There are 2 protein chains.
Amino acid sequence: MQRSIRMKDVARAAGVSVMTVSRAFRADSSVKSNTRARIMKAADDLGYVFDSTAASLRSQRTDFVAVIIPSLNNANFAETVGGLSDGLAESGLQVLLGYTGYDIAAEERLVEQMLRRRPEAIVVTGGRHSDRTIRLLRAAGIPVVETWDLPDDPIDHVVGFSNAATTQVMVDHLVGVGYRRIAFIGGDRDGDTRGADRRRGFLAAMASHGLPVDRLVGAGDPPISMQHGADAMARLLDGLPETEAVICVSDLSAFGALAECQRRGLDVPGDIAIAGFGAYEIAGVCHPTLTTIDPQSRRIGARAAEVILGVLDAPGAPRRIAIDPRLIPGGTTRNA
Amino acid sequence: MQRSIRMKDVARAAGVSVMTVSRAFRADSSVKSNTRARIMKAADDLGYVFDSTAASLRSQRTDFVAVIIPSLNNANFAETVGGLSDGLAESGLQVLLGYTGYDIAAEERLVEQMLRRRPEAIVVTGGRHSDRTIRLLRAAGIPVVETWDLPDDPIDHVVGFSNAATTQVMVDHLVGVGYRRIAFIGGDRDGDTRGADRRRGFLAAMASHGLPVDRLVGAGDPPISMQHGADAMARLLDGLPETEAVICVSDLSAFGALAECQRRGLDVPGDIAIAGFGAYEIAGVCHPTLTTIDPQSRRIGARAAEVILGVLDAPGAPRRIAIDPRLIPGGTTRNA
DNA sequence: TTGAAAGCGCTAACAC
DNA sequence: GTGTTAGCGCTTTCAA
């Protein structure tokens, strides 16, 4: 249809100036209520749709926050985005979402595209980025929040946890209940920086218990799927059958590993124990349930929203918010 | 930092006019290559970031397509979005994603917010919308694509399949291999319009075989999760233990149902058969694998992208593209 | 291949 | 409570 109805057309129809129409379309109380009603009626009759491009240019406010996650189809990141959206909604800020496919070059392109649209703030996932990405973000002049990590040298604000330290918690738990020959599946690709951090944490944790690290199994390119986990478990069982427990980089791969064991008629945790990461829904539904770690994905998003609203309101020093992931014992490991 | 570097600053630094800088930032070949190099150098030194808000306002082209899905954390919709993004990327169109949480009122708000940003086209999920949403979309003056359904009275273009007809395929398969007392889990909430369509299709299909429909189990509010499926299966097993087969509204609920059976020590498909929908990854990984239907999620997105590029290039009559979901026999049903 | 002038549709700032 | 004027940062258009 005619995409040519503008504010001035509404103004003419309502018998007011464009400025009054502009005010009526905001929560501006200075418009008399029956004037506003007349304006809204005219707008509706004409099929007018407000043009936020023009409004943004003039007001220099876009009212959106750019959020960049590695993958759309991931319950953890989806929860974080949900927490962010909800937290920002009260202030009228919308989330503009982009995903990188776990590709650091794609992240760089995406960050630049986002910045061209002049977001009020930007949230990225993880603490590792290309040099140019970091340069762009530092120069952007808006609040930047890195999530899902606790980098030593953050760009600006941080809301997350140490993926390495968290893996130590899981190793401590397994060693505490008597497992010794423990394997790790995943974290073998740089693209999956959080997975790689968890693997590093595994190495350190095993060393801290004086245990050998001789059971590392690659899972392949992210996103690490159930099938990756199943394949890796197959290789582990074939190559290192005397393994007592396996820590997987995520619950999805852990479930794949569990399914592979069931397919082979192995008893979990009797023959082999399995642990995951992420507290995905499947961890609590599958049989037996998965021992996992809850990263508090939603809380990460909610806290990031608080940080953004806080510094937009009153700019201040970079904030560093540590989230405490919690171990959730499940049926795939002996827990005492 | 200073978010006040504009094109004119770059122009001054490079010793050219703003117009030349503008041309240099596009794929405009009319700028001499060493002039462009000088401009890019100046821009980089100054930390200039192009302002696409201003560009959009003046050129009246935003180069993005609005895409609205019910939920972020859903592998099917994520695949569709992936197909769309990839298909549009070649033409320089970006996807602006929004999600409704399966709420028709949220959809209405989101559609209006999107239209305010003047997308080049808009993609929505499903064929049911509020009256106002339909009015907004019809008046938007841009291509509209409804996906994941084949409504009789589409707004504009359609890429999808009949959720009801697809369920008939599953019922035919199960009846064909001898199942008679077949239950259906899900589709009891209006918010989940596709689930409700599948349930309707189930009723029709059972009637077409002269079988009674006395085994409908509600799953609750969408998104229908694994836990919903497990709970529904528990109620079904308790209330109607002589059921031979269950069709679930999705693979996620089907897996939950399977896990509930395993928890009770029931043999699937020996004691009871289970079928899902969606060809989610878990369908092929769990043990036994799920009998399901592949809706070809990615293809839906790819075709929608083709439709958009086609009509943006040469406007024409509304297109109606039927996708053919395919039955995937798995280990949770007897298949012969 | 490059430049100058005008203006996209809205809102800030000020006036009344 | 409402109107007038100017201009946000680009690109269209026309000219050279």
Side-chain angles (χ1 to χ4, degrees), chain A residues 2-40 42-43 46-64 92 113 115-120 140-141, chain B residues 2-40 42-43 46-64 92 113 115-120 140-141:
Chain A
Q2 41 195 354
R3 167 83 10 280
S4 47
I5 293 153
R6 304 191 242 307
M7 221 175 235
K8 69 172 180 213
D9 302 305
V10 177
R12 193 181 309 117
V16 295
S17 71
V18 286
M19 201 52 233
T20 304
V21 177
S22 172
R23 290 186 179 109
F25 266 84
R26 286 181 284 174
D28 192 322
S29 55
S30 75
V31 181
K32 239 189 353 194
S33 77
N34 77 41
T35 306
R36 161 175 278 124
R38 206 168 68 242
I39 290 169
M40 289 317 192
L46 292 171
Y48 171 70
V49 176
F50 184 92
D51 187 331
S52 57
T53 304
S56 293
L57 176 59
R58 173 64 244 219
S59 66
Q60 297 293 81
R61 299 189 325 104
T62 54
D63 289 336
F64 81 87
Q113 284 179 341
L115 292 179
R116 287 177 167 214
R117 295 186 192 274
R118 300 290 186 264
E120 310 288 346
Chain B
Q2 42 196 352
R3 166 88 2 283
S4 48
I5 293 152
R6 304 191 240 309
M7 221 175 236
K8 69 172 181 216
D9 303 304
V10 177
R12 195 180 308 116
V16 295
S17 72
V18 286
M19 204 48 238
T20 304
V21 177
S22 172
R23 290 186 179 107
F25 266 84
R26 285 181 283 173
D28 192 322
S29 56
S30 74
V31 180
K32 246 194 339 201
S33 77
N34 78 39
T35 307
R36 161 175 278 123
R38 205 168 70 241
I39 290 169
M40 289 315 190
L46 292 170
Y48 172 69
V49 175
F50 185 91
D51 187 331
S52 57
T53 305
S56 293
L57 176 59
R58 174 65 245 221
S59 67
Q60 296 293 81
R61 300 190 322 105
T62 53
D63 289 334
F64 81 87
Q113 284 178 340
L115 293 179
R116 288 177 167 213
R117 296 186 192 274
R118 300 289 187 264
E120 310 288 346

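We name chains A, B, ... by the order of the sequence lines, and we start the count at 1 in each one. Since this is a predicted model, take the numbers as computed values, not measurements. The analysis underlying the following values was restricted to heavy atoms, covering all of them including side chains, and did not include hydrogens, waters or symmetry mates.
- Look at A:Gln60 and you won't find any side-chain N or O under 4.0 angstrom from OP1 or OP2 of D:dG7.
- At whole-Å resolution of the value, CD1 in B:Ile39 and P in C:dG3 are 8 Å apart.
- Listed by chain and residue number, B:Arg61 satisfy the side-chain contact (heavy atoms from CB on, under 4.5 Å) test with B:Ser59 (two or more places apart in sequence, or in another chain).
- Across all strands shown, B:Thr53 has no heavy atoms under 4.0 Å from either base or sugar-phosphate atoms.
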Could you run down the sub-3.5 Å N/O contacts of the protein with nucleotides 12-16 of chain C?
{"residue": "C:dA12", "atom": "OP2", "partner": "A:Arg26", "partner atom": "NH1", "Å": "3.1"}
{"residue": "C:dA12", "atom": "O4'", "partner": "A:Arg58", "partner atom": "NH2", "Å": "3.2"}

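- One interatomic measurement links the two molecules: CG of A:Leu57 to P of D:dA6, which rounds to 18 Å at whole-angstrom precision.
- Atom CZ of A:Arg6 is separated from atom C1' of C:dT11 by 17 Å (rounded to the nearest Å).
- Here the C1' atom of nucleotide D:dT2 and the NZ atom of A:Lys32 are 10 Å apart, to the nearest Å.
- Residue contacts shown for A:Ser56 are absent, as no nucleic acid heavy atom lies under 4.0 Å away.
- Counting to the nearest Å, the P atom of D:dT12 and the CZ atom of B:Phe25 are 16 Å from each other.
- Taking atom CZ on A:Arg118 and atom C1' on D:dC10, their separation rounds to 11 Å, with Å as the unit.
- Among the atoms of the strands shown, only primed sugar atoms or phosphate atoms (P, OP1, OP2) are found under 4.0 Å from some heavy atom of A:Tyr48.
- Between the side chain of B:Arg58 and the backbone N or O of B:Ser56, no donor-acceptor pair lies under 3.5 Å.
- Residue A:Thr20 is in sugar-phosphate contact alone, with no base atom involved, counting any heavy-atom pair closer than 4.0 Å across all strands shown.
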